[in-house]
Protein chains: 2
Amino acid sequence: MTDTMPRAAVPTLDEVALLAGVSRATVSRVVNDSPRVSPEARAAVRSAIAELRYVPNRMARSLVTRRTDTIALVLNEPNTQVFSDPFFASIVRGVSATLADTDLNLVLLTAQDEREQEKIGRYARMGHVDGVILMSVHSDDPLPDILAEAGMPLVMCGRPFDDRAVSYVDADNRGGAEVATAHLIATGRRRIATITGPLDMIAGVDRLAGHRAALAAAGLQSFPQLEAEGDFTEAGGARAMESLLGRDPELDAVFVASDPMAVGALSALRVAGRRVPEDVAVVGFDDAAVATRCDPPLTTIAQPLADMTPLLTELLLRQIEGAGEAVESRVCRTSLVRRASA
Amino acid sequence: MTDTMPRAAVPTLDEVALLAGVSRATVSRVVNDSPRVSPEARAAVRSAIAELRYVPNRMARSLVTRRTDTIALVLNEPNTQVFSDPFFASIVRGVSATLADTDLNLVLLTAQDEREQEKIGRYARMGHVDGVILMSVHSDDPLPDILAEAGMPLVMCGRPFDDRAVSYVDADNRGGAEVATAHLIATGRRRIATITGPLDMIAGVDRLAGHRAALAAAGLQSFPQLEAEGDFTEAGGARAMESLLGRDPELDAVFVASDPMAVGALSALRVAGRRVPEDVAVVGFDDAAVATRCDPPLTTIAQPLADMTPLLTELLLRQIEGAGEAVESRVCRTSLVRRASA
DNA sequence: GGACTGTTGGAGAGCGCTCTCACAGTGCAC
DNA sequence: GTGCACTGTGAGAGCGCTCTCCAACAGTCC
């Protein structure tokens, strides 16, 4: 069996044409839904395709069309923990769902170190994908540059560090954080700590800036010892909370820059014997599913993911279509979701 | 600017050849590391490639070689929660690391419903990938059939439900579960419950079978009310534990078919006021990182992931090389890791 | 009847690459 | 000198597809 069929006999356009009694060109027209085909020819081709179980060879097609109908969602993250971040899962699901109705394919690429980033850069430049959505960008990642330089259509999920001309979709992280901390202030808290995201990520930076701005607006000073850097993971949140409690046992509120970290903070507070929200009020960020399940349910800032993911793909597709189209970006509004923790 | 360069001027082999003063064939030889090139020619080509920033067009190459140098890791799972399963993250990282030294690319594909599975099937059949590693297969998934029928090299992570001739790599789930429950019995427990995985997944089925076998071997009966089905998530584990406690408040041990579920069970037990391991002993499965972090640290069954992921890729690559190669499968040994929970 | 328009289908030229084959050149044994 | 093995190189034929012509034909109008 292995000898008699060294490779599966994959039918080609020509064979379909032969069977249908038309030319290659006509088969191609049918496959690509061109209107310029008579119903009879179309029917003949359709049945020949079905009979031969013909599937177009994408490589051959791509070679001439310069399109692969594939876009990549690149997760740029050394830490495998990200996989467990519900924000990431939501984006993947959202983008995937948006593309389900098209005949575009979505591939996920993960880069755990610089070497893998370069590999992905090569992968993209070799023409495997039409465009890239880039997530979880750290300040020193070379991938945005590699891709931009190659002229690859690119949309970043999260605004870039510098003011480069690149499309992005982002939540209003700064504004959301400001609202979160303002809410804490409005409920009478005065010693307000924060657990930040990684400060080499723009979401981490922006949320910290928002927090500080709210403090300043209320005439409160921001103390370095009330700021602890987390890594967007639950374990990191717990560690950061412990550290904060060590530095200032009197703190009465904490704005945590992501829900998974907030869940970690909640357990650290429990371990330390603090009641939430009586002793320490907690506000998270994301409005992840876990925010409703934890104890107490988390007051948090909702990111409009339902708006963001379609936008992400829309911006990318427009760039792919329009070749030299202008760079376009969107910032989506966040909102405070009040639950029990603050 | 957009008008003057309607598309980035991507250099081709011919241009490199022209600049280097050699033929296309020689450039191709250099690019593909053929030894049959003089050092001078090689050097000339290398510098021309560098100067033009030439990257081979993968589509053109694939068209003739019939290889894409890309393999797909397909995650077949309606539930986005899987992303947070450390087992999945470990496999992704492992496979990715194994491939990092090769010039093979890894793409992740996720299928959330049957429609997306078919899309992936088409994607593969169109020749985007050389082979597929399939994870998280449920009993009624059509994808294995679609791929097998198309003659796509395929390795499943986890053995298939029926005895079909397909390569797979799996942990000894049945044996591991047997050891887990036997350990519970050996420490004097008698009312031993289990939280199973989804029973439309082979890992769920096998671990339950092992648990029952251990019970039977010790002359203990297995009661349906001591078996609750989970979904491999923490929340599912907590729910299942609550349900078990409701059904039999006297239970003194529980074998939980995954660590995330065990963590959920631990919190449910805490809420119910049970001490672990004094009142209820708990054994998990996976030896995920979380098993060391939870309270108390989890006694669990370690899966030899370090063996499994290289095996997964190795088996697939052998299949890709050897076209009609014989199907080959491996079951990797598990081991009991004793910590504080049992 | 002739010129024109519109529709359908085919011929053929590539897309950028690999790879076989032929060929020139070199070294060495006879 | 001839024969032979071997090495480095180039010419050229595709891989399977798309897409631009262009031909053939039918219908319409003057």
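Lettering follows sequence order; numbering is per chain, from 1.
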(request) State, to the nearest 10°, the angle formed by the axis through the first five base pairs of the helix from C/dG1-D/dC30 to C/dC30-D/dG1 and the axis through its last five. (result) 60°
(message) Using a strict heavy-atom distance below 4.0 Å, which residues from residues 27-47 of chain A are in contact with DNA chain C?
(response) A/R29, A/R36, A/V37, A/S38, A/A41
(request) Return the residues of residues 51-59 of chain B meeting this criterion: a heavy atom under 4.0 Å from some atom of DNA chain C. Order them by number, or give none. (result) B/Y54, B/P56, B/N57
Rounded distance (Å) that lies between atom [atom2] of [N] and atom [atom1] of [X]:
X	N	atom1	atom2	answer
B/R24	D/dT9	CZ	C1'	13 Å
B/L13	C/dG16	CG	P	10 Å
A/L18	C/dG10	CG	C1'	14 Å
B/D14	D/dA11	CG	P	11 Å
A/R61	C/dC17	CZ	P	21 Å

(message) Going by salt bridge (Lys or Arg N to Asp or Glu O under 4.0 Å), name the pairs with one or both residues in residues 97-120 of chain B, residues two or more places apart or in two chains.
(response) A/D101-B/R115, A/R115-B/D101
(message) Restricting to ring pair (Phe, Tyr, Trp, His ring centres under 6.0 Å), what partner residues turn up for A/Y168, sequence neighbours left out?
(response) none
As a test of reading the structure: which of [options] is closest to the side chain of [X], going by heavy atoms?
X	options	value
A/R66	D/dG10, C/dC17, C/dC15	C/dC15
A/T12	D/dT18, C/dT18, D/dG16	D/dG16
B/V64	D/dT18, D/dC15, D/dG10	D/dC15

(request) Give a yes-or-no answer on whether the side chains of B/S167 and B/Q319 include a donor-acceptor pair shorter than 3.5 Å. (result) yes
(message) Do B/S136 and B/N76 pair up side chain to side chain, a donor and an acceptor below 3.5 Å, judged on atom types alone?
(response) no
(message) Pick the closest DNA chain D nucleotide for B/S23 and for B/A60 by heavy atoms, then say which residue is nearer the 5' end.
(response) B/S23
Okay, side chain of [X], backbone of [Y]: is any donor-acceptor separation there less than 3.5 Å?
X	Y	result
B/T68	B/H128	yes
A/D141	A/V137	no
A/T65	A/R61	yes

(message) Quick check on A/D163: does its CG atom have over 12 non-hydrogen neighbours (other residues, nucleotides or ligands) under 6.0 Å away?
(response) no
(message) Applying side-chain hydrogen bond (donor to acceptor under 3.5 Å, both in side chains) as the test, list every pair that has at least one member in residues 143-158 of chain B; sequence neighbours left out.
(response) A/R53-B/E149, B/D145-B/R164
(message) Within the structure provided, determine whether A/V107 and A/I71 are in side-chain contact (heavy-atom separation under 4.5 Å).
(response) no
(request) May I ask you to test the B/L312-B/I91 pair for a side-chain heavy-atom distance under 4.5 Å? (result) yes
(message) Counting only side-chain nitrogens and oxygens, does A/T26 get under 4.0 Å of the OP1 or OP2 atom of C/dG10?
(response) yes
